[in-house]
Amino acid sequence: MRSPDLHGSAPDCSPLVLLVIDAINDFTFPESDAVLAAAAPMARAIRRLKQSARRLGIPTVYVNDNFGRWRSDFRRLVAHCLGSRARGRAITRLLRPSHFDYFVLKPKHSGFYSTTLELLLEHLGARTLILTGLLADSCILFTAQDAHMRGYHLIVPEDCIASRAPSDTRRAVTQMRRTVQADTQPSTALNLRTELRRARGRRA
């Protein structure tokens, strides 16, 4: 049920919402070289998915770690990751948010922990979430578990997530498929128009 009291209310209303998790990243964490290798094809897949979603009026929410930058905000974070010295510059350029997109900064692994994500999704009327981004076996997995407990149907396209090793991604995909009943087919097999119709039919 949409809250009538959300100040500066979101202009969109959609039962299907795309989340881009931690893809805006400077890749300075341990073992980031391995993640960067997998992040390039991941980012291209997310970009195509986001473009398709936009054409159908499906909103995108960037759910991003603040990387301990407590005096920063999302726009500064994007600018930092676009800087000439940022190792993730190419990924950020591919996935750079537009003025149509929403964003939520998170302090921990799950996108729901101590954030406004749940309130935003409630206002959008979301029933199905498409989870994409980094890392498959931590932030994607934790967010998927928290979303499942809140009753959301989950789609986690396996070509739109990445982690430090392909084996880590495969294990996370298997776990999400089994424990939260996530649809993990690749984005190329997704029919967003069909998923939007199915999401409209789900109970709020």
Flag the pair Arg150 / Leu121 as yes when at least one side-chain heavy-atom distance between them is below 4.5 Å, and no otherwise.
no
Value rounded to 0.5 Å, distance of CG in Asp26 from CD1 in Ile91:
12.5 Å
Has the side chain of Arg93 got a donor or acceptor atom that lies under 3.5 Å from a matching backbone atom of Leu82?
no
Does some side-chain heavy atom of Val180 sit less than 4.5 Å from a side-chain heavy atom of Leu141?
no
Between Phe103 and Asn64, is the side-chain contact (heavy atoms from CB on, under 4.5 Å) condition met? List the steps.
CA-CA 8 Å; Phe103 61 86; Asn64 224 92; over 6 Å; no
Tell me whether Leu77 shares a hydrophobic cluster with Phe29, the cluster being built from Ile, Leu, Val, Met, Phe, Trp, Tyr side chains joined at under 4.5 Å.
yes
Is the shortest heavy-atom distance from the side chain of Gln145 to the side chain of His109 under 4.5 Å?
no
Hey, what's the ring geometry for Phe74 with Tyr62, parallel, tilted or perpendicular (30° and 60° as the breaks)?
tilted
Determine, stepwise, if the pair Leu196 / Ser14 fulfils side-chain contact (heavy atoms from CB on, under 4.5 Å).
CA-CA 8 Å; Leu196 187 57; Ser14 173; 3.9 Å; yes
Stepwise side-chain contact (heavy atoms from CB on, under 4.5 Å) test for Arg170 and Glu158
CA-CA 8 Å; Arg170 287 193 296 270; Glu158 59 186 1; over 6 Å; no
Can you find a heavy atom in the side chain of Arg89 that is under 4.5 Å from one in the side chain of Thr92?
no
Is it the case that the side chains of Arg202 and Thr128 hold a donor-acceptor pair, with the cut-off being a distance below 3.5 Å and no angle test?
yes
With rounding to the nearest 0.5 Å, note down the distance linking CG in Leu18 to OG in Ser52.
10.5 Å
Among Val20, Ile46, Leu192, which residue satisfies the side-chain contact (heavy atoms from CB on, under 4.5 Å) criterion with Ile130?
Leu192
For Asp183 and Gln185, indicate whether the former's side chain and the latter's backbone hold a donor-acceptor pair under 3.5 Å.
yes
What closest approach, in Å, do Leu95 and Ala43 show between heavy atoms, and which atom pair accounts for it?
CD2-O, 3.5 Å
Find out whether His153 and Gln181 are in side-chain contact, i.e. whether some heavy atom of one side chain is under 4.5 Å from a heavy atom of the other.
no
If only atom types and distance count, is the side chain of Thr132 paired as donor or acceptor with the main-chain N or O of Leu19 below 3.5 Å?
yes
Give the minimum heavy-atom separation between His80 and Ala86, together with the two atoms involved.
O-CB, 3.5 Å
OG (Ser98) and CG (Asp101) are apart, to the nearest 0.5 Å, by 3.5 Å
Exactly one of Thr60, Leu120, Val17 clears side-chain contact (heavy atoms from CB on, under 4.5 Å) with Tyr102, and that residue is Leu120
Determine whether Thr174 and Arg178 make a side-chain contact, defined as any pair of heavy atoms from C-beta on separated by less than 4.5 Å.
yes
Any donor and acceptor pair, going by atom type alone, linking the side chain of Lys108 with main-chain N or O of Ser110 inside 3.5 Å?
no
When you measure from the side chain of Asp22 to the backbone of Asp65, do you find a donor-acceptor pair of N or O atoms at a distance under 3.5 Å?
yes
Nearest 0.5 Å please: distance from the CD atom of Gln51 over to the CZ atom of Arg48.
9.0 Å
Nearest-0.5 Å distance that lies between atom CD1 in Ile58 and atom CZ in Arg193:
9.0 Å
Using side-chain heavy atoms (C-beta onward) and a distance below 4.5 Å, is Leu36 in contact with Arg87?
yes
Side chain to side chain, Glu195 and Arg198, heavy atoms closer than 4.5 Å:
yes
Ignoring hydrogens, what is the shortest heavy-atom contact between Ser163 and Ala136? Give both atom names and the distance.
CB-N, 3.9 Å
Nearest 0.5 Å, what's the CG-CG distance between Asp159 and Leu49?
8.0 Å
Only one of Leu134, Ile21, Val173 forms a side-chain contact (heavy atoms from CB on, under 4.5 Å) with Ile161, so which one is it?
Val173
Check the hydrophobic clustering (I, L, V, M, F, W, Y; side-chain heavy atoms under 4.5 Å; chains of links allowed) and say if Leu117 and Tyr113 are grouped together.
no
For Leu129 versus Ala147, what's the shortest heavy-atom pair and its separation?
CD1-CB, 3.9 Å
Taking every heavy atom of Ile24 against every heavy atom of Pro97, the minimum-distance pair comes out as CD1-CD, 4.4 Å
Short side-chain to backbone donor-acceptor contact, Thr143 and Gly111, under 3.5 Å:
yes
Lys50 (side chain) donor-acceptor with Ala53 (main chain) under 3.5 angstrom
no
I'd like to know whether Asp137 forms a salt bridge (charged side-chain N to carboxylate O under 4.0 Å, His left out) with Arg164, so could you lay out the CA-CA distance, the side-chain angles of the two residues, the decisive distance to 0.1 Å, and finally the verdict.
CA-CA 9 Å; Asp137 57 341; Arg164 291 178 175 86; 5.1 Å; no
How close do Lys106 and Val63 get, counting heavy atoms only, and between which atoms?
CD-CG1, 3.9 Å
